[in-house]
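One structure, as structure tokens, below. Some questions next.
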Amino acid sequence: ENKPAAAPASTPAPQSASFNQLTEQQRQSLQEFARTLATLEKDWDSFHSSYDSWLRNRNAPVETDMEKSLGQQITRFQAVKGLVVNLTTATLTKSLADQLFEAAQDEERALRALKDSWRPGDTAAFQRYEESRLKIEKAQVNIKKKFAELAAVAEPQNKESLGKFYKPYR
């Protein structure tokens with residue numbers, strides 16, 4: 001698996017620096033991270049919407065059909081995970097990229113556990129996935145808030161260059 005190298009857990013966000021004090025490379029890294037994060041959020045939400053729709057409309061009474069269908073869900077999620085792997089891992093965003101990778105890993109493990117543990121008439125396996133998904137979504141919100149804090153180092157006239165992604169999390 002292509003996991004970004006682990007960052008020290010205590011990588012602090014630059015609290016007193018302004019966007020203008022960042023190097024050009026740091027500004028570009030933040031901008032790229034913002035763009036990729038916005039795409040990732042959209043695609044991850046789209047995956048969940050598609051999964052929810054599939055779950056409501058599934059018609060796979062045969063165990064092998066359900067296993068195949070769940071396998072297809074895992075394959076779809078791997079495309080989302082691919083975006084996480086491609087996140088900018090510059091010093092400023094490395095910790096966040098690592099946390100997002102862990103969230104994606106957790107979701108993939110939960111989907112695989114669902115596929116491996118599901119049995120006809122078993123709703124508990126789906127409930128376990130939903131519980132995992134809620135924890136992962138909370139982690140995602142925390143990561144987005146941390147990015148918003150990091151992006152807030154920008155001076156007001158430059159915040160727009162980081163995109164509108166972080167505004168709801170201020």
Side-chain angles (χ1 to χ4, degrees), residues 1-13 32-90 92-151 163-170:
E1 296 177 35
N2 297 329
K3 180 182 188 256
S10 63
T11 303
E32 178 61 27
F33 191 88
R35 284 189 295 272
T36 306
L37 194 54
T39 300
L40 173 62
E41 180 181 31
K42 183 179 99 304
D43 287 3
W44 210 324
D45 288 347
S46 176
F47 168 79
H48 284 153
S49 294
S50 176
Y51 170 86
D52 292 343
S53 177
W54 166 82
L55 189 60
R56 282 189 304 273
N57 300 312
R58 75 183 190 282
N59 187 15
V62 179
E63 188 170 348
T64 55
D65 291 342
M66 181 61 86
E67 287 176 11
K68 180 180 177 183
S69 189
L70 285 168
Q72 291 168 342
Q73 294 297 319
I74 292 168
T75 299
R76 285 196 68 243
F77 183 74
Q78 288 172 336
V80 173
K81 186 178 168 189
L83 284 173
V84 176
V85 171
N86 292 326
L87 275 172
T88 302
T89 56
L92 288 174
T93 56
K94 183 149 186 39
S95 176
L96 298 175
D98 289 345
Q99 291 172 48
L100 279 166
F101 184 83
E102 288 302 316
Q105 286 284 90
D106 290 347
E107 180 130 9
E108 184 177 13
R109 277 192 289 272
L111 284 165
R112 289 185 186 283
L114 171 59
K115 179 182 177 281
D116 294 342
S117 66
W118 175 86
R119 299 294 174 258
D122 179 19
T123 58
F126 287 99
Q127 183 60 38
R128 285 189 298 274
Y129 170 70
E130 290 301 320
E131 289 168 2
S132 293
R133 183 172 148 181
L134 287 174
K135 290 177 188 174
I136 293 161
E137 287 172 354
K138 286 180 184 177
Q140 287 175 295
V141 167
N142 286 332
I143 292 164
K144 289 183 273 190
K145 285 180 181 178
K146 288 177 185 176
F147 176 72
E149 291 169 5
L150 178 62
K164 296 178 183 178
F165 170 77
Y166 69 89
K167 284 185 178 184
Y169 305 103
R170 280 194 259 169

Checklist entry - Heavy-atom distance under 4.5 Å between the side chains of Leu100 and Leu37, does that happen here? => result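 Answer yes - side chains close enough.
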Checklist entry - Would you call Glu108 and Arg112 a salt bridge, taking side-chain N to carboxylate O under 4.0 Å as the test? => result yes
Checklist entry - So, Glu107 versus Trp44: side-chain donor-acceptor pair below 3.5 Å or not? => result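 Glu107 vs Trp44: donor-acceptor pair found between side chains.
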Item to check | Approximate separation, where rounding is to 0.5 Å, of Asp106 CG and Gln140 CD | outcome: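 The distance works out to 10.5 Å.
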Next on the checklist: Show the nearest heavy-atom pair for residues Thr39 and Leu83, with the distance to one decimal.
Outcome noted: CG2-CD1, 4.1 Å
Checklist entry - Closest heavy-atom contact between Arg76 and Ser46? => result NH2-O, 4.5 Å
Checklist entry - Do you know the tightest heavy-atom contact between Arg128 and Ser117? => result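 Residues Arg128 and Ser117, closest heavy atoms: NH2-OG, 3.3 Å.
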Next on the checklist: Measuring from atom CD of Glu102 to atom CD of Gln105, what distance do you get when rounded to the nearest 0.5 angstrom?
Outcome noted: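 Reported value, rounded in 0.5 Å steps: 6.5 Å.
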Checklist entry - Do Glu32 and Thr36 have side-chain atoms, one donor and one acceptor, less than 3.5 Å apart? => result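 Per modelled atom types, Glu32 and Thr36 side chains form a pair under 3.5 Å.
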Next on the checklist: I'd like to know if Lys94 and Asp98 make a salt bridge, using a cut-off of under 4.0 Å between side-chain N and carboxylate O.
Outcome noted: yes
Checklist entry - Any sub-3.5 Å donor-acceptor pair from Ser49's side-chain atoms to Asp45's backbone N or O? => result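 Present.
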Item to check | Side chain proximity check, Glu67 to Leu70, heavy atoms < 4.5 angstrom | outcome: no
Next on the checklist: Return the CD to OG distance between Gln127 and Ser132, rounded to the nearest 0.5 Å.
Outcome noted: 10.0 Å
Item to check | Full working for salt bridge (Lys or Arg N to Asp or Glu O under 4.0 Å) between Glu137 and Arg133 | outcome: CA-CA 6 Å; Glu137 287 172 354; Arg133 183 172 148 181; 3.2 Å; yes
Item to check | Closest non-hydrogen atom pair, Leu40 against Leu87 | outcome: CD2-CD1, 4.3 Å
Next on the checklist: If you define the side chain from C-beta out and look only at heavy atoms, does anything of Leu111 sit under 4.5 Å from Phe47?
Outcome noted: yes
Checklist entry - Is there a donor-acceptor contact under 3.5 Å linking the side chains of Ser95 and Gln99? => result yes
Item to check | Euclidean distance, Ser69 OG relative to Leu55 CG, rounded to 0.5 Å | outcome: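 Spacing of CG (Leu55) from OG (Ser69) equals 10.0 Å.
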Next on the checklist: Within this structure, what is the CD-CZ distance for the pair Glu41 and Phe147, rounded to the nearest 0.5 Å?
Outcome noted: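 Here the rounded value is 11.5 Å.
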Next on the checklist: What I'd like to find out is whether the side chain of Gln72 reaches to under 4.5 Å of the side chain of Trp54, using heavy atoms alone.
Outcome noted: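 Side-chain contact under 4.5 Å: no.
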Checklist entry - Is it true that Lys145 and Glu149 make a salt bridge, defined as a side-chain N closer than 4.0 Å to a carboxylate O? => result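 No, no charged N to carboxylate O under 4.0 Å.
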Item to check | Parallel, tilted or perpendicular: ring planes of Phe126 versus Trp118, cut at 30 and 60 degrees | outcome: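 The arrangement is perpendicular - the two ring planes meet at more than 60°.
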